[in-house]
K.L.:
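Handing you this structure, nothing more for now.
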Amino acid sequence: MNLSDILIIIAFTTGALVLAALIIFFIYLILFDRNQKMHAILRNYPLLGRVRYFFEKIGPEMRQYWFNSDTEGKPFSRADYENIVRSAKYKRDVIGFGSRRDFEVEGFYIRNDMFPKLTEELKVDQETIALTKKYLLIKDPLFTQRIEKVEDDESSAYLLHEDDAIVIGPHLEHPFILKGQIGMSAMSYGALGKNAITALSKGLAMAKGTWMNTGEGGLSPYHLEGGVDIIMQIGPGLFGIRDKDGEVDWDELKRKSEIPQVRAFEIKLAQGAKVRGGHIDAEKVNPEVAEIRKVEPYKAVDSPNRFRQFHDVPTMFDFIDKIRETTGKPVGIKIVIGGNDSAKELAKYMSETGRGPDFITIDGAEGGTGASYQELADSVGLPIKSGLLILVSTLKKYGVRNRVKIIASGKLFSPDRIAVALAMGADLVQIGRGFMISVGCIQTLKCQSNICPVGVATTDPHLQKALVVDEKKHRAANYVITLRKALFRISAAAGLNSPVHFSSKNVMFKDDKGIAHSLESIIHEIEQQIECDEAANLSTLMK
């Protein structure tokens with residue numbers, strides 16, 4: 001028997017064994033599927049049912065990359081996602097051919113001026129320079145990896161002129177002075193991994209004039225890594241400043257306040273995606289996260305729905321005052337507006353007592369989170385535009401608007417959205433998921449599971465290796481710089497020399513019939529609603 005015959009016999013035998021093994025395996029699966037009691041479709045359609053489950057499993061990815069149009073994906077469309085990535089990676093924000101916005105649906109528009117400002121007329125900080133790196137796309141073939149090179153980039157940081165700097169707590173011993181209107185929204189270490197927090201800290205520091213909010217998970221060394229200004233958030237769980245009994249450790253708070261980077265404190269009453277305390281799954285609570293939060297490792301952590309230290313506006317003001325006295329730094333609150341009267345008691349008490357927060361962060365229902373519940377994320381609390389208009393109108397009604405700075409958040413990830421929020425009365429804006437995308441998030445919607453495949457929303461050491469800090473930090477910096485540059489560009493188009501001058505006069509609303517309404521008229525309508533609701537409540541009380 002020659003070699004070829006031997007090889008044929010071996011191949012035939014191997015093939016027969018493989019085929020037999022497959023037949024036995026399929027028979028086993030059929031018998032198993034028909035007798036299992038969990039899945040009805042497998043009992044009636046063994047094997048075929050497994051094909052169904054396979055396609056169901058890959059459905060989200062198929063829709064994201066193939067079947068959803070560029071403008072219909074949620075929470076962020078492909079077009080929104082690509083705009084963020086393009087700004088962060090290439091520091092480019094130009095498009096060709098035309099807008100993909102649906103101009104038939106209702107929406108807000110910036111009111112352009114017949115005589116826009118020239119570039120040299122803009123009132124911008126001309127001295128502060130930001131040094132980053134960006135990618136240059138050389139070739140993008142269909143079947144092979146795109147060819148790119150990294151190059152150093154030196155540009156203006158596009159900060160506000162010093163005359164327009166925004167001061168939080170101007171009468172305090174340590175006021176917080178900002179020359180950039182865009183910062184990072186609350187994102188805790190634990191919800192995000194150390195590489196993500198570090199990259200964001202370093203990138204924001206490179207961009208200058210901005211800040212990052214720690215989230216309610218406490219101040220971690222990774223927030224401090226880059227040297228960026230910090231707003232330390234205090235949630236109902238008091239993570240990072242709690243004693244062994246779960247009460248405020250005022251000495252620890254004092255120690256945190258003595259860190260120069262910590263510029264202000266924020267008391268979190270609620271956030272848009274969960275109008276309650278925060279949650280972190282047990283898998284994310286590694287020993288380091290547990291030590292920072294002062295909790296037990298590998299146990300799920302839920303904050304109380306509200307602070308136990310206060311129960312109404314007067315006692316909340318007492319808590320604010322004590323934090324301010326202890327730290328000497330500005331103290332704000334984070335809220336979600338639920339209705340026309342949501343800010344009434346707050347504003348009224350501020351007017352009557354002369355007390356209150358130094359800033360108010362208002363989050364919209366469309367805001368993001370590391371972990372929430374569907375019913376809270378979808379249906380509790382108003383979106384940012386509605387809530388912001390109610391808050392500003394209420395503060396003005398009671399004559400206290402000028403005493404506080406307002407920070408708005410809730411999918412304000414693009415310069416036009418930011419401009420509209422500023423025109424509605426915000427002084428500053430915060431962005432969360434936009435910054436996550438800038439450092440690599442691909443929107444797999446698995447933030448709560450600790451299996452983020454790109455190392456952003458995970459504390460798994462293996463998965464975090466995907467996120468290279470020294471590369472992603474430049475993307476975070478480029479993203480915020482590009483946003484600030486675009487904000488000045490929109491200001492110029494509106495005839496303003498700085499984005500600090502945006503007002504209700506600069507925005508129009510087009511309804512679904514094509515009729516344009518001024519933002520001023522919308523605000524007037526909201527003010528009338530607030531008055532009517534107050535009158536109705538007063539009438540009810542008198543009865």
K.L.:
Can you tell if the side chain of Met316 reaches within under 4.5 Å of the side chain of Leu269, non-hydrogen atoms only?
P.N.:
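A side-chain contact exists here, since the closest heavy-atom pair is under 4.5 Å.
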
K.L.:
For the backbone of Asp358 and the side chain of Arg403, can you confirm whether one donor and one acceptor N or O come within less than 3.5 Å of each other?
P.N.:
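Between the backbone of Asp358 and the side chain of Arg403 there is no qualifying donor-acceptor contact (under 3.5 Å).
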
K.L.:
Side-chain contact test, heavy atoms from C-beta onward, threshold under 4.5 Å: evaluate it for Val400 versus Ser351 and give yes or no.
P.N.:
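Side-chain contact under 4.5 Å: yes.
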
K.L.:
Examine distances only and state if a side-chain atom of Asp341 and a backbone atom of Lys344 form a donor-acceptor pair shorter than 3.5 Å.
P.N.:
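Not a single qualifying donor-acceptor pair exists.
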
K.L.:
Determine all donor-acceptor pairs shorter than 3.5 Å in which one atom belongs to a side chain in residues 480-494; sequence neighbours excluded.
P.N.:
from	atom 1	to	atom 2	distance (Å)
Thr482	OG1	Asn478	O	2.6
Arg484	NE	Ala157	O	3.0
Arg484	NH1	Lys208	O	2.9
Arg484	NH2	Ala157	O	3.0
Arg484	NH2	Ala207	O	2.6
Arg484	NH2	Lys208	O	3.2
Arg489	NH2	Asp93	OD2	2.9
Ser491	OG	Leu487	O	2.8

K.L.:
On a heavy-atom basis, which atom in Ser201 and which in Gly226 lie closest, and how many Å separate them?
P.N.:
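Nearest heavy atoms, Ser201 then Gly226: OG-N, 2.7 Å.
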
K.L.:
If the condition is side-chain hydrogen bond (donor to acceptor under 3.5 Å, both in side chains), which residues does Tyr189 pass it with, not counting sequence neighbours?
P.N.:
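With sequence neighbours excluded, Tyr189 shows a side-chain hydrogen bond (donor to acceptor under 3.5 Å, both in side chains) to Glu288, given in chain and number order.
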
K.L.:
According to side-chain hydrogen bond (donor to acceptor under 3.5 Å, both in side chains), who are the partners of Asp164, at least two apart in sequence or on a separate chain?
P.N.:
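With neighbours one apart ignored, the set is empty.
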
K.L.:
Sequence neighbours left out, what passes ring-ring contact (aromatic ring centres under 6.0 Å, His included) with Phe108? Give chain and number order.
P.N.:
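So Phe108 forms a ring-ring contact (aromatic ring centres under 6.0 Å, His included) with Phe509.
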
K.L.:
Checking side-chain hydrogen bond (donor to acceptor under 3.5 Å, both in side chains) for the pair Glu216/Gln233: CA distance, chi angles, key distance, verdict?
P.N.:
CA-CA 5 Å; Glu216 66 173 299; Gln233 189 180 88; over 6 Å; no

K.L.:
Assess Arg293 against Phe239: is NZ or CZ under 6.0 Å from the centre of the six-membered ring, and within 45 degrees of the ring's axis?
P.N.:
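Yes; both conditions hold, so Arg293 lies above the ring face of Phe239.
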
K.L.:
Is the shortest side-chain heavy-atom distance between Leu122 and Leu496 below 4.5 Å?
P.N.:
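No; the side chains remain at least 4.5 Å from each other.
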
K.L.:
Should Asn68 and Tyr65 count as side-chain neighbours, where that means a heavy-atom distance under 4.5 Å?
P.N.:
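No. Closest side-chain heavy atoms not under 4.5 Å.
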
K.L.:
Is the centre of the Phe310 ring less than 6.0 Å from the centre of the Phe319 ring?
P.N.:
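Between Phe319 and Phe310, which both carry aromatic rings, the centre distance is below 6.0 Å.
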
K.L.:
Could you tell me which non-hydrogen atom of Ala476 sits nearest to which non-hydrogen atom of Ala199, and how far apart they are?
P.N.:
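Scanning both residues completely, I find the closest heavy atoms to be CB-O, 4.3 Å.
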
K.L.:
Evaluate the criterion side-chain hydrogen bond (donor to acceptor under 3.5 Å, both in side chains) for residue pair Asn213 and Glu266; output intermediate values, then yes/no.
P.N.:
CA-CA 9 Å; Asn213 190 307; Glu266 179 182 85; 3.1 Å; yes

K.L.:
Side chains of Val380 and Glu375, heavy atoms from C-beta outward: is any pair under 4.5 Å?
P.N.:
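In short, these two side chains do not touch, never coming nearer than 4.5 Å.
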
K.L.:
For Phe359 and Phe176: C-alpha separation, side-chain torsions, deciding distance, then whether ring-ring contact (aromatic ring centres under 6.0 Å, His included) applies.
P.N.:
CA-CA 11 Å; Phe359 65 94; Phe176 186 15; 8.2 Å; no

K.L.:
For Tyr109, check ring-ring contact (aromatic ring centres under 6.0 Å, His included) against everything at least two apart and list the hits.
P.N.:
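Result, ring-ring contact (aromatic ring centres under 6.0 Å, His included) vs Tyr109: none returned.
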
K.L.:
Using side-chain heavy atoms (C-beta onward) and a distance below 4.5 Å, is Leu253 in contact with Ile234?
P.N.:
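Leu253 reaches Ile234 side chain to side chain.
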
K.L.:
Looking at Pro304 and Pro236, what are the two nearest heavy atoms and their distance?
P.N.:
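Residues Pro304 and Pro236, closest heavy atoms: O-CB, 3.4 Å.
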
K.L.:
Determine all donor-acceptor pairs shorter than 3.5 Å in which one atom belongs to a side chain in residues 381-392; sequence neighbours excluded.
P.N.:
none

